[in-house]
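Presented below is the structure to which this report refers.
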Amino acid sequence: MRADLLQRLAVQTSERAQADLLRRARAIDHAQGPWLEIGERRLLAFCSNDYLGLAQHPQLIAAFKRVADDEGVGSTAAHLVCGHRREHAMLEDALADWTGRERALLFSTGYMANLGVLQALLGRGDLCVQDKLNHACLLDGATLAGATLRRYPHGDAAAAARQLAGMPDAAALLATDGVFSMDGDRAPLRELAAVCRREGTTLMVDDAHGLGVLGPDGAGGVAEAGLGPRDVPVLMATLGKALGTHGAFVAGSAALIEGLTQFARTHVYTTAMPPAVAAATLAAVQLARSEHWRRERLAALITRFRAGAAQLGLPLAASDTPIQPLLLGDAADALAAAHALEAQGLLVTAIRPPTVPAGQARLRITLSAAHEDEHVDRLLDALATLPRGEDGAPV
């Protein structure tokens with residue numbers, strides 16, 4: 001007898017529910033900066049990735065409306081058919097210039113960008129070495145490509161070197177997040193680049209949470225580390241975080257982009273992003289590069305929050321980025337803390353397994369330039385009311 005696939009899925013879902021790990025989407029009725037309306041409640045959110053506060057910027061909205069009025073909503077086809085519009089080309093040029101690369105290529109999502117790059121570059125018999133805490137799409141990309149996947153302990157460049165040395169004859173790619181999405185800490189990019197130079201390995205960095213936030217003019221964590229195209233030949237970043245829109249891109253040499261245009265299936269075989277989104281993103285790039293006060297404001301809020309959390313004895317992860325995880329350990333404790341904060345008008349997401357390892361559940365607190373000092377103080381006051389365990393940490 002064959003297993004019933006739908007029944008098996010239902011059993012797995014039930015098991016997740018019984019373990020208090022079920023995830024559900026909540027419909028947001030209205031957003032206004034960091035404030036979200038859900039039903040009749042107005043909550044102050046500390047869980048979005050709108051790091052620079054650009055998602056509702058009037059210039060982005062105006063650019064979107066202008067192109068939507070002229071061109072309609074959908075691009076109607078893949079880039080290589082008739083979906084590649086002037087707005088896409090202008091955005092790719094701007095992203096390449098911002099990141100100091102020869103060219104850039106747009107993808108519909110960050111997940112699709114990483115799947116496409118890894119599938120295009122890697123094949124059976126190749127080696128892909130990755131940080132243990134990399135985003136799921138990097139891991140999935142290596143697996144789908146059929147490459148041998150080796151994972152090194154988080155942030156351990158020496159361990160990455162040992163993994164590469166274990167298969168000295170294989171073509172190899174080392175892929176890492178620049179800023180880790182659940183921990184907020186940074187990869188040791190300079191050390192990893194040195195390892196890749198010694199081992200003849202291509203380095204790929206997913207800078208989704210660094211672009212717009214880190215580096216000169218917000219060019220990202222790779223630029224902040226002083227690394228150029230030779231050090232990091234493959235640079236990927238998303239457009240739906242600090243830039244406040246949607247989609248992703250890969251930047252690199254003209255040869256890389258030409259190759260991806262031919263062989264990255266997630267670019268070739270999918271509809272291009274709406275041209276109005278590309279126009280809004282171009283406006284966001286221009287603002288992110290010119291309005292340095294947004295990064296300065298964000299940095300000040302991060303400092304304020306971490307100082308207040310230290311006074312309260314809260315177990316924050318070691319992060320100087322907008323991602324500020326409050327480590328609670330038990331999934332039930334994290335969920336209870338999120339509910340307690342929501343009762344006080346604050347929306348902070350509890351992150352539980354399998355998104356993070358068992359025993360490492362947390363509140364993933366994120367800050368935005370759209371927040372005000374009083375918002376951070378309100379969050380700290382609310383965190384101070386959470387019940388504490390014997391070790392003083394919230395439970």
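Counting begins at 1 with the first residue of the sequence. Since the structure is predicted, the reported quantities are computational estimates derived from the model, not experimental observations.
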Seminar exercise, completed: Taken to the nearest 0.5 Å, the spacing of Thr281 OG1 from Met273 CE works out to 5.5 Å
Problem set entry | Side chains of Arg23 and Thr355, donor plus acceptor under 3.5 Å | yes
Problem set entry | Pair Thr176, Gln130: side-chain N/O donor-acceptor within cut-off below 3.5 Å |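 Gln130 and Thr176 do not have a side-chain donor-acceptor pair below 3.5 Å.
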Exercise. Going only through I, L, V, M, F, W and Y residues with side-chain contacts under 4.5 Å, is there a path from Leu173 to Met167?
Worked result: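 Each belongs to a different hydrophobic cluster.
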Exercise. What about Leu256 and Met204, same hydrophobic cluster or not, with Ile/Leu/Val/Met/Phe/Trp/Tyr joined at side-chain heavy-atom distances under 4.5 Å?
Worked result: yes
Exercise. Do Glu291 and Arg297 meet the salt-bridge criterion of a basic N to acidic O distance under 4.0 Å?
Worked result: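 No.
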Problem set entry | Carboxylate-amine/guanidinium proximity below 4.0 Å for Arg190 and Asp231 |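 Salt bridge: no.
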Of all the heavy-atom pairs spanning [X] and [Y], show the shortest one and how long it is.
| X | Y | answer |
| --- | --- | --- |
| Leu316 | Gln324 | CD1-OE1, 3.9 Å |
| Ala331 | Pro353 | CB-CD, 4.3 Å |
| Leu301 | Ser368 | CD1-O, 3.1 Å |

Exercise. In terms of ring plane angle, is the pair His88 and His79 parallel, tilted or perpendicular, where the classes change at 30° and 60°?
Worked result: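 Perpendicular, since the angle between the ring planes exceeds 60°.
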Exercise. With Phe180, which of His154, His135, His209 fulfils ring pair (Phe, Tyr, Trp, His ring centres under 6.0 Å)?
Worked result: His154
